[in-house]
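Heads up, the thing below is written out as structure tokens.
This one's a predicted model, so the numbers in the text were calculated from it and none came from an experiment. The chains referred to below are lettered A, B, ... by the order of the sequence lines, with proteins before strands, and numbering in each begins at 1.
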There are 2 protein chains.
Amino acid sequence: MNTQRAAVEILREKCVEHGLKLTPQRIAIYEAICHTTDHPSADKIFKKIKGKFPSMSFDTVNRTLLTFSAIGLLKVVEGHGDPKRFDPNLKQHHHFRCIRCNTIIDVYSRYYDSVKIPQDIQSRFTVLGKRVVLEGICKQCRKKS
Amino acid sequence: MNTQRAAVEILREKCVEHGLKLTPQRIAIYEAICHTTDHPSADKIFKKIKGKFPSMSFDTVNRTLLTFSAIGLLKVVEGHGDPKRFDPNLKQHHHFRCIRCNTIIDVYSRYYDSVKIPQDIQSRFTVLGKRVVLEGICKQCRKKS
DNA sequence: TTATTATATAGGATTAATTCTTAATTGCAA
DNA sequence: TTGCAATTAAGAATTAATCCTATATAATAA
Ligand SMILES: [Mn+2]
Ligand SMILES: [Mn+2]
Ligand SMILES: [Zn+2]
Ligand SMILES: [Zn+2]
């Protein structure tokens, strides 16, 4: 998904860079996720691979995806799985999320409020909400490190 | 959080509007979440309430928060709980999420890419990433209804 | 090529969190 | 006040992630 180079080559480079072994499991998992565009869960990837690689365990898939995220081969994106996070603030606003402590902080910005929804997106979806989501390190977590 | 009217009044209106009973549990839960700004999980709210309302069960808190979200008293926001969702696409892009089926679809937009991070936000946080998140109903779900 | 060894894996156990089930309670309309 | 549909409490069941540990193996050097 990074470039059109073979997924294995991208994976090999990253593994060398981080001193990780290039295992058949890692190759299968990386190839599987690179063929998705639907932001799958670990379980989805596991089920997808199981047919071709029957000895694969769920734990390996889960652990490996987290490893990939740690070395920058993929990203963990906003999901609406559990535990759900609730927001009583119905005013238009935006969010900053700390990738260390997972705190979500409200961000108020007229500039962000005024960001438009392009016409082609309007025609593809029924858009009901819009928000700019920033991520990074919060003040407290910056202090700690 | 909606206005400065007493939370109970806002709640009462919504309950009448949707034919729901105004119970002490619902009042306690709504007041509790209205006093938060940290986007808590159901468990957080439960623990917060338990002291003042010892007979409250976790199930009631969880069920009630989902009810509140269904009648528009609050929103469920993007979280990074489980199950995690993985994205092998490292190119700058944005997301549309369907509130019915939870599908996350990639959105490419030069315009969204060019949205800036305001100076005052830069000084408050170390911003590492930015993305516009749209939500609404996807094509397939629109067909169904 | 073979031996060595630190790393990684499989599979099952454990933990964490939500959702379901059911019997008792209660808000509220008549 | 009464009757009853909606709501709740409590615990069971489910779902999903993480941990544990014995075995297997990729990478390296002899
Ligand atoms: Mn918020
Ligand atoms: Mn994406
Ligand atoms: Zn933080
Ligand atoms: Zn949908």
Side-chain angles (χ1 to χ4, degrees), chain A residues 8-9 11-33 39-71 73-74 76-77 79-86 102, chain B residues 8-9 11-30 32-33 39-71 73 76-77 79-86 102:
Chain A
V8 202
E9 284 317 310
L11 176 63
R12 169 174 290 123
E13 250 174 46
K14 277 282 183 183
C15 283
V16 169
E17 188 185 331
H18 290 87
L20 300 176
K21 292 178 179 172
L22 188 68
T23 67
Q25 288 89 341
R26 283 177 176 157
I27 292 170
I29 293 165
Y30 188 59
E31 289 194 323
I33 186 127
H39 312 84
S41 63
D43 185 62
K44 273 269 177 60
I45 294 290
F46 173 61
K47 289 191 171 76
K48 191 174 159 159
I49 289 177
K50 203 73 208 285
K52 295 204 166 188
F53 205 141
S55 75
M56 179 86 63
S57 73
F58 171 78
D59 186 51
T60 295
V61 174
N62 192 50
R63 188 171 16 81
T64 301
L65 287 169
L66 294 176
T67 302
F68 286 171
S69 138
I71 65 178
L73 267 176
L74 52 80
V76 178
V77 299
H80 282 250
D82 299 322
K84 292 174 182 59
R85 304 277 296 259
F86 299 94
N102 242 4
Chain B
V8 202
E9 286 316 310
L11 177 61
R12 169 174 289 123
E13 250 174 47
K14 277 283 183 183
C15 283
V16 169
E17 187 185 334
H18 289 85
L20 299 176
K21 292 178 178 171
L22 188 68
T23 66
Q25 287 89 342
R26 283 178 177 154
I27 294 170
I29 293 164
Y30 189 57
I33 185 126
H39 312 85
S41 63
D43 185 63
K44 274 266 177 61
I45 294 290
F46 173 62
K47 289 192 172 76
K48 191 172 159 161
I49 289 177
K50 203 70 207 290
K52 296 206 166 186
F53 204 141
S55 73
M56 180 85 64
S57 72
F58 170 78
D59 186 51
T60 295
V61 174
N62 192 50
R63 189 171 15 81
T64 300
L65 287 169
L66 294 176
T67 301
F68 287 171
S69 137
I71 65 177
L73 268 175
V76 178
V77 300
H80 282 251
D82 300 320
K84 292 175 182 61
R85 305 275 297 260
F86 300 94
N102 242 4

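Residues A:T60 and A:S57 bring a donor and an acceptor atom of their side chains to less than 3.5 Å of each other.
Residue-level contact check: A:L66 touches the backbone only, with heavy atoms under 4.0 Å from sugar-phosphate atoms and none from bases. As judged by a 4.0 angstrom heavy-atom cut-off over every strand, B:R26 is placed among residues touching the sugar-phosphate backbone only.
Taking only side-chain nitrogens and oxygens, B:Q25 never comes nearer than 4.0 Å to OP1 or OP2 of C:dG27. Using a 4.0 Å cut-off, some side-chain N or O of A:T23 falls inside it from OP1 or OP2 of C:dT9. At the phosphate of C:dT19, OP1 or OP2 sits under 4.0 Å from a side-chain N or O atom of B:N62.
Heavy atoms only, all atoms of each residue included: B:M56 and B:F46 are closest at O-CE1, 3.3 Å. Closest of all the heavy-atom pairs between B:A42 and B:N62 is CB-OD1, 3.5 Å. Closest non-hydrogen pair, B:I71 versus B:K14, comes out as O-NZ, 3.1 Å.
Atom NZ in B:K50 sits roughly 15 Å away from atom P in D:dT8 (whole-Å rounding). Taking atom NZ of B:K47 as the reference point, atom P of C:dA17 lies 7 Å away to the nearest angstrom. The interatomic distance linking A:L11 (CG) with D:dA27 (P) rounds to 10 Å, in whole Å. One atom, NZ of A:K44, and another, P of D:dT15, lie 15 Å apart when rounded to the nearest Å. Between the C1' atom of D:dA27 and the NE2 atom of A:H18 lies a distance of 18 Å, rounded to the nearest Å. Taking atom CD1 on B:I49 and atom C1' on D:dA9, their separation rounds to 14 Å, with Å as the unit. The nearest whole Å value for the distance from the CG atom in A:L20 to the C1' atom in C:dT9 is 14 Å. Taking atom CG of residue B:L65 and atom P of nucleotide C:dT19, one finds them 11 Å apart after rounding to whole Å.
Between B:T23 atom OG1 and B:Y30 atom OH the span is 14.0 Å, to the nearest 0.5 Å. Taking SG of B:C15 as the start and NZ of B:K21 as the end, the distance is 11.5 Å to the nearest 0.5 Å. We find the OG1-CD1 distance between A:T64 and A:I33 to be 11.5 Å, quoted to the nearest 0.5 Å.
The rotation axes computed at either terminus of the helix from C:dT1-D:dA30 to C:dA30-D:dT1 lie 40° apart, taking five pairs at each end and rounding to 10 degrees.
Inter-residue side-chain proximity for B:K50 and B:F58 is flagged as unmet; no heavy-atom pair is nearer than 4.5 Å. Contact check for A:R85 versus B:V76: no side-chain heavy atoms found under the 4.5 Å cut-off. A:L11 places a side-chain heavy atom less than 4.5 Å from the side chain of A:R26. Contact check for A:I45 versus B:F86: no side-chain heavy atoms found under the 4.5 Å cut-off.
Listed by residue number, the members of residues 51-61 of chain A with any heavy atom below 4.0 angstrom from DNA chain C are A:S55, A:M56, A:S57, A:D59, A:T60.
In this structure, of C:dA8, C:dT19, D:dT7, it is C:dA8 that holds the atom nearest to the side chain of A:R63.
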Please tabulate, one pair per line, each protein N/O and nucleotide N/O from nucleotides 1-6 of chain C that are separated by under 3.5 Å, including the distance.
unit_1, atom_1, unit_2, atom_2, d
C:dA6, N3, A:K21, NZ, 3.1

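Shown here is B:K48, whose NZ atom has more than 12 heavy atoms of other residues, nucleotides or ligands within 6.0 Å.
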